[in-house]
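This report concerns only the one structure given below.
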Number of protein chains: 2
Amino acid sequence: MKDYLRQHIISNLGKTPDNLDQVLAAFSERKTKRNELLLREGDICRHVFFIVKGCLQVFVVGKNGNESVREFFFENNWTTDIFGFQNQLPAKESIKCVEPCQLLQIHYEQFQAMANAFPEFREMYKHILEVSYNNAVYRVNTLTAMNALERIQWLNENQPKILTRLSSKIVASYLGISPETFTRLKGKA
Amino acid sequence: MKDYLRQHIISNLGKTPDNLDQVLAAFSERKTKRNELLLREGDICRHVFFIVKGCLQVFVVGKNGNESVREFFFENNWTTDIFGFQNQLPAKESIKCVEPCQLLQIHYEQFQAMANAFPEFREMYKHILEVSYNNAVYRVNTLTAMNALERIQWLNENQPKILTRLSSKIVASYLGISPETFTRLKGKA
DNA sequence: TTGAAACCTTGACATTTATCAACGTTTTTC
DNA sequence: GAAAAACGTTGATAAATGTCAAGGTTTCAA
């Protein structure tokens, strides 16, 4: 499993870093079932997850009990509650497995140790942060500037994997619309 | 003007960094008029701005020509098109002055030079990134999980400055609703 | 200072989207 | 493999929100 992470790090940095084996050793393997919860809102996030296989969703639960998905993460991506993790404060979101997953996880202390020890690790983290932020920016702009149909079209053009791989119900939640509206509009997209 | 930035850096890091004067010297002062455009979507963002006095908005222009505000920034905050700036790629958003502003700006080359030279500068940038990302996360979650009235209430509790300091029109755009709906609902909030 | 422009509010109405219920289909679980 | 649960779709209807127009107010710029 760690070979996937090895390749990811090399391609992220554009080179093979020194101490790569030492970094890989800080991660442990974890296999999950579908719908398994990795982090519950209010708990303190102790890990960063790297997805070898599967899909995660980061979400909040609204007043009516509905889940609102903020983001999906697929293979070769990182997921955590970044702010809560870095400051070891209660999470404002939950994380769960949309599919059965193969993950590599690194604990808070190990993560900070790696960041302190290796400039390349910090560099990679910075890059991940920038990409994550950029994705969140797109999310805000599609949600404020587009109606339901336009959001579906945007997804179709920019993240088609989400439409083909995931259930309609969960995609509707991601788009901030009801499942019925999604059914009705996706024919027109 | 640079005293504001000096204080900001000290409080952000929790200590006075070495080479602070050298960092401050990399910034130049800039005064702007209301509505002055600092970055146009599609252009390459060459600067990071620190706000000494005033308010900036980051926004996109929708199909109908309406501006949709993604975020406001006030005194003692940083603003730039982070992803476009770091990769020197065309911006996906525009930045303009909501009020007349006093800014300190640092150019791309200078910024990278500071980041390469000073660990504390990198540390501060990381911190800014994490806070910015966290804010974007809140934005996504309020937009997907709340209706118009709930968003106004959320703003009232979490960012009251936005409601009191800025025009209704622009706040409505930030909330992703029409000015008329905002007028009608804010009485009930 | 003054005319022009932008803004805020309100009403009437149109459009979009949500909700509820029903039912056939698919998926999960034991 | 069979029962139960979750899902996807459709229709009817309700609720939320947008659009257009008008008029009073505030702000801006010459």
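Please read all numbers here as calculations on a predicted model, not as lab measurements. Chain letters run A, B, ... following the sequence lines, proteins first and then strands; every chain starts at 1.
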Quick one: do B:R70 and B:E41 make a salt bridge, cutoff under 4.0 Å? no
May I ask you to evaluate whether A:K186 reaches the phosphate of D:dT9, defined as a side-chain N or O under 4.0 Å from OP1 or OP2? yes
note: A:L175, atom CG; C:dA18, atom C1'; distance rounded to Å ~ 15 Å
Using whole Å, report how far CD1 of A:I177 lies from P of D:dA15. 21 Å
Give a yes/no answer on whether the side chain of B:R184 brings an N or O atom under 4.0 Å of OP1 or OP2 in D:dT17. no
Do B:F72 and B:Y174 make the cut of ring centroids closer than 6.0 angstrom? yes
With heavy atoms under 4.0 Å as the rule, sort A:G187 into base, sugar-phosphate or nothing. nothing
Look at the side chain of A:T183 and decide which nucleotide, out of C:dT9, C:dC7, D:dT10, has an atom nearest to it. D:dT10
Length of the CG-P vector between A:L149 and D:dT17, whole Å: 19 Å
Of the listed C:dA18, D:dT17, D:dT9, the closest approach to the A:S168 side chain comes from D:dT9
Does any donor-acceptor pair link the side chain of B:E180 with the base of C:dC8 at a separation under 3.5 Å? no
Picking from D:dG8, C:dT28, C:dT17, the nucleotide nearest the side-chain atoms of A:A148 would be C:dT17
Are B:Y108 and B:F85 close enough that their ring centers fall under 6.0 Å? yes
Taking NZ from A:K169 and C1' from D:dA6, how many angstroms apart are they, rounded to a whole number? 7 Å
Please state how far atom CG in A:N147 lies from atom C1' in C:dA18, giving the value in whole angstrom units. 15 Å
Using whole Å, what does the distance between atom C1' of nucleotide D:dT17 and atom CD1 of B:I152 come to? 12 Å
If we ignore hydrogens and angles and just use 3.5 Å, is the side chain of B:T16 paired with the main-chain N or O of B:I10 as donor and acceptor? no
Determine, for B:R165 against B:E75, whether the closest basic-nitrogen to carboxylate-oxygen distance falls under 4.0 angstrom. yes
A:K33 NZ to C:dT28 P, in whole Å, measures 14 Å
Toward the 5' end of DNA chain D, by each residue's nearest nucleotide, B:R34 or B:L185: B:L185
Under 4.0 Å from OP1 or OP2 of D:dG18: is there any side-chain N or O of B:T181 that close? yes
Can you measure A:F182 atom CZ to C:dT16 atom P for me and round it to whole angstrom units? 18 Å
